[in-house]
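Take a look at the structure set out below.
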Amino acid sequence: MSRDQLQSAGRSEASAEAPFLELLARGASADAYEQPVLLARADGLPPERVAALEHAKVLALRVRSEMEGRRRREAELSALFETAHDLAGLRDLDAVLQAIVQRARSLLSTDVAYLSLNDPAEGDTYMRVTEGSVAARFQQLRLGMGEGLGGLVAQTARPYVTDDYFKDDRFQHTSTIDAGVRDEGLVAILGVPLTLGPHVIGVLFAADRRARVFEREQIALLGSFAALAAAAIDTANLLTETREALGDLERANEIIRDRSGVIERASDVHDRLAELVLRGGGVHDVAAAVSQVLDGTVEFAEAGAAPGDALEVSRAEGHAVRHGDDWVAAVAAGGELLGALLLHGHPGLDPVDQRTLERAAMVTSLLLLARRSAAEAEQRVRGELLDDLLDARDRDPRLLRERAARLDADLDATHVVLAARLDSTVADADHEAAARRRLWSAASHLAATRHGLAAARDGGTVLLLPLRPGDTATDLARRTAGDLGTAVSEAVTVGASAPVENLTAHPDSVAEAYAEGQRCRDALRLLGRAGDGAAAEDFGFLGLLLAGSRDISGFVERTIGQVVTYDAKRGTNLLRTLDAYFTCGRSPARTSDELHVHVNTVAQRLERVGRLLGPDWQSPARALEIQLAVRLHRLSSTARH
């Protein structure tokens, strides 16, 4: 071909490509590329011209296809990049998964996109995220492994695609799944597996409501989104596990801190209890110390005041027992129940704190036993000193005072000797012996608290107690009977001697006073006044027979002392009038004749006597005592003159 022919052919080809370049420039559709060829044929252009246009069209369509592929790949890469960016800043797993299905639906231009996850516990897969779905039943579907297209993908870990779901028999159709797909109106479905290593954790779907063939590139693109979704789920799971691990670690740290605090409290209470024991603290000191450590209210209770059932369980098991909102720890020694420690208002007690309460109960039992041993030793010493005073042994006054001083007793003070005895009749000898031991223990405690002495003697108990200012022997006897009766829960009769002074100077004074107290006690029982307390002065003229000292002047003073004092101060003759009144058979007329005064004068004097001695002075018992006192006063006055 000549040069001119080549140039002519080149100009022809260039003119043939021009319309297609214009179509490429404005992004025309594929159908528009047929227009230049059709126009050339219609215009009757030469065949060479039409052939050149056909060739240019093929090249232009190839370029257009390549450009569209590149644009599509750029869009896909951009979507994958954005999704990976979302994954890198993962905060909410549901939001990331929702973004994945939205972009998959957009890039594949499908009506619906959705994602399901496997449930190992149930052995199936369930809908997790949907985009474009309108049917509620479809959104709540659960697919068994191997059921439906999704079940097949989940079971085989391979992508599956169907152009027409209901005509495809490669997978198992079920009424539930088919009903959900029919509600959604889906026809063409593409499913790819979500895998973590060798394990399938779910399926990502893209679906259309019309028949459609999914291309290989679209299947690969959906697979890329599935990989990102699997990575997002794995990252979220790792974050969850990390948070749970951090939470477990924090809880472990809290437990360690709490255990550390409990151990410190246990160490603190151990030190406090040791200090209490060394300095001689009591059970209430122990309760106060444990109250501070356990941040609650702890008190010691006698066995009868503690909850019975909980106390018995605690003693049997050797541990503190919960009782409502309280805790009960038995205080026991061997088989003997001594009481209980009660922790109030602390239902949630830590095991170490529970052990602390139990340890405090054990320390309390040791303190009680030590106190009991000390008390028993002191009781024996007090009893031995009183026995020596009663038996008139060891009469060195200095030694007696020293022994008493060691027991916090003062033998130079005025004392009263009291004889006490139980008045209950017990058929069982063992029970009677136990009752006597309780009486002796109560009397010893009473003597120790009142700076006196006590001893078991003659089947009862004898006490030597100091007489406080303003007190009488009668007051002391009655108070002692009440205190001992309350302590032993039985009637106790107490007879008291007259006040005794200079105990160490008179060898037989304590023994004589004890005998007087016994006579008063026996008189009370004979008079039916068991459980009461009295002294000789309470028995009127009978007291003269009971009293060891025969205190005549005291009897006269107690009986008519006010009349004697009135006569002495005013120079009256009330006492002489009384003597004449009784001598004349209590006749006012005969008395007036005996005294040579008017009968009205006698009446006035007797009225004055009544005001001094009380309205019952003429009762038979009082009248007899007054007559005896008047005669004893007259005899004593005659003896003095």
Side-chain angles (χ1 to χ4, degrees), residues 72-73 75-110 112-133 138-162 171 177 186 188-207 214-245:
R72 186 174 60 254
R73 284 193 291 275
E76 292 171 355
L77 290 174
S78 177
L80 290 173
F81 176 79
E82 291 174 0
T83 305
H85 182 269
D86 291 342
L87 179 58
L90 178 64
R91 291 295 181 268
D92 182 2
L93 176 62
D94 287 337
V96 173
L97 296 181
Q98 189 69 47
I100 288 173
V101 296
Q102 286 176 348
R103 288 169 184 153
R105 180 192 177 201
S106 175
L107 288 174
L108 270 67
S109 300
T110 58
V112 182
Y114 50 99
L115 183 148
S116 67
L117 291 180
N118 292 358
D119 186 346
E122 296 294 332
D124 61 6
T125 183
Y126 64 95
M127 291 293 185
R128 174 65 184 273
V129 182
T130 65
E131 177 66 20
S133 171
F138 178 78
Q139 295 168 11
Q140 299 172 2
L141 276 179
R142 297 187 73 96
L143 294 74
M145 292 301 178
E147 295 179 352
L149 185 143
L152 185 61
V153 174
Q155 185 180 52
T156 62
R158 294 175 58 189
Y160 273 84
V161 61
T162 178
F171 42 83
I177 299 172
L186 300 181
I189 302 175
L190 166 62
V192 295
L194 281 73
T195 58
L196 286 178
H199 304 292
V200 177
I201 63 171
V203 179
L204 178 61
F205 298 88
F214 287 96
E215 300 175 0
R216 182 177 302 173
E217 292 81 1
Q218 293 174 326
I219 297 174
L221 176 61
L222 193 63
S224 298
F225 276 107
L228 290 176
I233 294 170
D234 188 39
T235 302
N237 290 337
L238 290 175
L239 287 174
T240 301
E241 292 174 1
T242 301
R243 292 192 192 99
E244 291 177 353

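Computed from a predicted model, the values in this text were never measured in an experiment.
No donor-acceptor distance shorter than 3.5 angstrom exists from the side chain of Asn118 to the backbone of Pro120, with no hydrogens or angles considered. With Ser109 contributing its side chain and Arg105 its backbone, the two residues share no donor-acceptor pair below 3.5 Å. Using a distance-only test at 3.5 Å, with no hydrogens or angles considered, no donor-acceptor pair links the side chain of Gln155 to the main chain of Leu152.
If you take OG on Ser133 and CG on Leu141, they are separated by 9.0 Å, rounding to the nearest 0.5 Å. Going from atom CZ of Phe138 over to atom CG of Leu186 covers 5.0 Å, rounded to the nearest 0.5 Å. To the nearest 0.5 Å, the span separating CD on Glu147 from CE on Met145 amounts to 10.0 Å. Going from atom CZ of Phe171 over to atom CG of Leu149 covers 5.0 Å, rounded to the nearest 0.5 Å. The distance from atom OG1 of Thr125 to atom CG of Leu115, rounded to the nearest 0.5 Å, is 8.5 Å. Interatomic distance, CD of Glu215 versus CG of Leu108, reported as 9.5 Å (0.5 Å rounding).
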Show your working on side chain to side chain contact (heavy atoms under 4.5 Å, CB included) between Phe225 and Val101 and close with a plain yes or no. CA-CA 8 Å; Phe225 276 107; Val101 296; over 6 Å; no
Could you walk me through whether Ser116 and Tyr126 pass the side chain to side chain contact (heavy atoms under 4.5 Å, CB included) test, one step at a time? CA-CA 5 Å; Ser116 67; Tyr126 64 95; over 6 Å; no
Worked verdict on Leu117 versus Val203 for side chain to side chain contact (heavy atoms under 4.5 Å, CB included): CA-CA 7 Å; Leu117 291 180; Val203 179; over 6 Å; no
Give the intermediate values and the outcome of side chain to side chain contact (heavy atoms under 4.5 Å, CB included) for residues Tyr114 and Ile189. CA-CA 11 Å; Tyr114 50 99; Ile189 302 175; 3.7 Å; yes
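A 4.5 Å side-chain heavy-atom check between Gln102 and Glu131 finds at least one atom pair inside the cut-off. In this structure the side chain of Leu143 never reaches within 4.5 angstrom of the side chain of Asp124, judged on heavy atoms. Two residues are said to be in side-chain contact when any heavy atoms from C-beta on lie closer than 4.5 Å; Gln140 and Met127 fail this criterion.
Contacts of Arg158 classified as side chain to side chain donor-acceptor pair (under 3.5 Å), with partners at least two apart in sequence or in another chain: none.
Nearest heavy atoms, Gln98 versus Thr130: NE2-O, 3.2 Å. For the pair Val192 and Ala226, the tightest heavy-atom approach, listed with the atom from each and the gap, is CG2-CB, 3.6 Å. Smallest separation of non-hydrogen atoms from Ile219 and Pro159: CG2-CB, 4.4 Å. Here the shortest heavy-atom pairing between Ala206 and Thr110 reads CB-CG2, 3.9 Å. Between Phe205 and Gly150, the shortest heavy-atom distance links the atoms CZ-CA, 3.3 Å. Taking all atoms of both residues into account, the shortest heavy-atom contact from Gly191 to Val153 is O-CG2, 3.8 Å.
For residues 219-233, the set of pairs meeting the salt bridge (charged side-chain N to carboxylate O under 4.0 Å, His left out) definition, not counting sequence neighbours, is empty.
The only member of Asp234, Val200, Leu204, Leu97 that meets side chain to side chain contact (heavy atoms under 4.5 Å, CB included) when paired with Leu194 is Leu204.
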